[in-house]
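Shown next, in structure tokens, is the structure this report addresses.
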Number of protein chains: 2
Amino acid sequence: MSEATIGDVARRAGVSVTTVSRFLAGQPVRAADTIRTAVQDLAYRPSPVARSLRSGRTRSIALVVPDVTNPYFAAVVKGAEAVARQDEYHLFLSNTDEDVDREAAVLADLIGRVDGAILAPTVESDEAPLRAHQAGLPLVFLDREIGGSALFDAVLVDNAGGSRSAAEHLLDLGHRRFAIVNGTMHSTPGRQRREAFLETLTARGIDPAEIDEEVGDFREQGGYQAVMRLLAREHPPTALFVTNNLMTVGALRALHDLGVRVPEQLSIVGFDDLDLAALLMPPLTVVDRPMEEQGAIAMRLLLRRLRESDDVTPRRIVLETKLLVRGSTARPTAGNRTPLS
Amino acid sequence: MSEATIGDVARRAGVSVTTVSRFLAGQPVRAADTIRTAVQDLAYRPSPVARSLRSGRTRSIALVVPDVTNPYFAAVVKGAEAVARQDEYHLFLSNTDEDVDREAAVLADLIGRVDGAILAPTVESDEAPLRAHQAGLPLVFLDREIGGSALFDAVLVDNAGGSRSAAEHLLDLGHRRFAIVNGTMHSTPGRQRREAFLETLTARGIDPAEIDEEVGDFREQGGYQAVMRLLAREHPPTALFVTNNLMTVGALRALHDLGVRVPEQLSIVGFDDLDLAALLMPPLTVVDRPMEEQGAIAMRLLLRRLRESDDVTPRRIVLETKLLVRGSTARPTAGNRTPLS
DNA sequence: GTGAAAGCGCTAACAC
DNA sequence: GTGTTAGCGCTTTCAC
């Protein structure tokens, strides 16, 4: 029965709708008390939809991520939501499941429904975001970018730095046989984490032939299978870098099923911390980064863009990573260090 | 520049807006081809806001949960979103952080903005949902209820059954000294899990004095502190039941810091499975339940209610739990079985 | 099968 | 400081 409109309030208070509107906007009005009473009596709530139609703004923001079930994105959502709430914005949430078509559909659908969107695009060659942008949807990129996206605000992570620290840590321990489980190679983090890891290794004299690669597509199952393949090889690696949290879980599961002892037989570094990482046996060494904060920053960037004129130069914020050395990395054992001798 | 309106399309196609509207609605129209072209040329998209104002429906649903960062709720969100998408509904997400006031504010804010909401209420004595319902917001309860909520659809879990299975498992192993870490005692799961655990124990002859209780408020930190307090006692328990996932993580952290050996010194059962539960040392015994499915069911219930008339009798669906016995539970050791002798 | 016109609930000129 | 009115973009009578 919440059907009271501004007209009802006006009638009950014996004034015009204009006056009520002005009262609601906080402007000085003679009949303030009367109106206030009428509002309460009728349990009047201004219709957000009508306001939106009038103002052209919805006071809501969409957050488009591959998967909320990924603890990293869950944290991002939380951070973003908290900031939105403060500014009285509402949050739409969409999962793309790393599916480009779904992402495109979602974005198209969002136009006119939200004032802006925060997006973790599936692939760097993605066109959908550009179309959405041209259609008037302000966009901020989260964690990933698309090609030639100098137009957009973005909150990224120093993937290269993170991977480098992982590689150096493993090198310093004395490893010479490496493997990396890659994510989606068409995405920013997938590409950057791989490249930096490989470059660091070869720059320090590692023969590329000593670096095995498998793709795990950023999924737990992918990580599992990648590790299964990796360890089935004749000369398995002694050091493993897994480039996201979900794949790390899968990798650990695989190592567990295989009975591989960590770090005695294999050292492992993950990208992204896990809630239970420190409680695993052994505790997991990971590249960590701010998560809720990344969501919060993305939201702030977007809200600021909505506030200011649209021609503000795009801002790119790159957050630092931090290597958390725990127990899953160690020196290679003698047998492992020279697997061929 | 996505400013084309239905009027622009009509003009370009040389027909009236009515005809365009009918065309868009899929009704037979002579100028179909012309209109189709005009729509494409102008990249016309019907305004969702205008449609909502007209129809009184927004095609969006809100999901109000305590915390998306909780893997259980993240899974629920995913399940609910998938169902909503199929029916072309959009999802609003709000975190309440277990705060009654925030929840009330969120609900009030949602009225008129969504067609319905799925809610995991903070406390059973909550009034806000009733007010929202009276204001015309269809509601489905998720995982938790409020007092006298026979009015509402709900998707619950057999908390009593889950706790009973945990208690019986521990009893069967021979434990006589118990402890339970409770959640928010004013919430449905908090209350039910506690009661069933205690009843099962006492029904099997356990002296209530042999059952320690601490409250952890469903938070990780709460679980940590609860366990710290529990194990500081003179005659610590040999069996521990932790009533949700977050608190279980905290509990494990505490046990780790304390150097308590599981299950030798203490058996532990958690409520809700964790992604890494099976990989912990020892693997964690837990009460598991469907998570994404619970979200999906809640969404289906709500959409069905929106479709059917509002006077359908409320439906309550109770999902079954399943005890996953892994390695964190074992017989009490001799020393522990009779701590006083 | 089609068009004119009213109206969803609100805000903002514009006159007073 | 207040009321009248137009109009945001759409759907839907109601005549034709």
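Side chains included, hydrogens not; waters and symmetry mates left out as well; all remaining heavy atoms used. Below, chains carry the letters A, B, ... as their sequence lines are ordered, and counting in each starts from 1. None of the values given here were measured: they were computed from a predicted structure.
With distances taken from any side-chain atom of B:Ala50 to the nucleotides D:dG3, C:dG1, D:dG9, the minimum falls on D:dG9. Across C:dA13, C:dC10, D:dT12, the shortest atom-to-atom separation from the side chain of A:Pro46 is found for C:dC10.
Donor-acceptor pairing under 3.5 Å, judged by distance alone, is absent between the side chain of A:Ser21 and the base of C:dA12.
For the pair B:Ile6 CD1 and D:dG7 P, the computed distance is 18 Å after rounding to whole Å. Between B:Arg51 atom CZ and C:dC8 atom C1' the separation is 15 Å, expressed in whole Å. At whole-Å resolution of the value, CZ in A:Arg113 and P in D:dG9 are 16 Å apart. What separates CZ of B:Phe23 from P of D:dC10 is a distance of 14 Å, to the nearest Å. Atom-to-atom, CD of B:Gln27 to P of C:dT2 comes out at 11 Å; the value is rounded to the nearest Å. Atoms CZ (A:Arg45) and C1' (C:dC8) sit 19 Å apart, rounded to a whole Å. Per the geometry, CD1 belonging to A:Ile35 stands 10 Å off C1' belonging to D:dT2, to the nearest Å. Taking atom CG on A:Leu53 and atom C1' on D:dA6, their separation rounds to 13 Å, with Å as the unit.
For the pair B:Arg289 and B:Tyr72, the distance from NZ or CZ to the six-membered ring centre is under 6.0 Å and the angle to the ring normal is within 45 degrees.
When each of B:Arg22 and B:Val49 is assigned the nucleotide of DNA chain D with its nearest heavy atom, B:Val49 is the one assigned upstream, toward the 5' end. The 5' end of DNA chain C is approached more closely, in terms of each residue's nearest nucleotide, by B:Ser16 than by the other of A:Ser55 and B:Ser16.
Within the nucleic acid shown, A:Tyr44 comes within 4.0 Å of sugar-phosphate atoms alone, with no base atom in reach, counting heavy atoms only. Using a 4.0 Å heavy-atom criterion, one finds that B:Thr18 contacts the bases of the nucleic acid, with or without backbone contacts as well.
Residue A:Arg30 has a polar side-chain atom (N or O) positioned under 4.0 Å from OP1 or OP2 of D:dT2. Between B:Thr19 and C:dG1, a side-chain N or O to OP1/OP2 separation shorter than 4.0 Å is absent.
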Please assess B:Val65 against B:Leu63 for the test side chain to side chain contact (heavy atoms under 4.5 Å, CB included), listing each intermediate value before the final yes or no. CA-CA 6 Å; B:Val65 297; B:Leu63 189 43; 4.2 Å; yes
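Counting only heavy atoms from C-beta outward, the side chains of B:Leu107 and B:Arg131 never approach each other to under 4.5 Å.
Within a 6.0 Å radius of CZ in A:Arg57, no more than 12 heavy atoms belonging to other residues, nucleotides or ligands are found.
Listed here is the closest heavy atom pair of A:Ala296 and A:Val83: CB-CG2, 3.6 Å.
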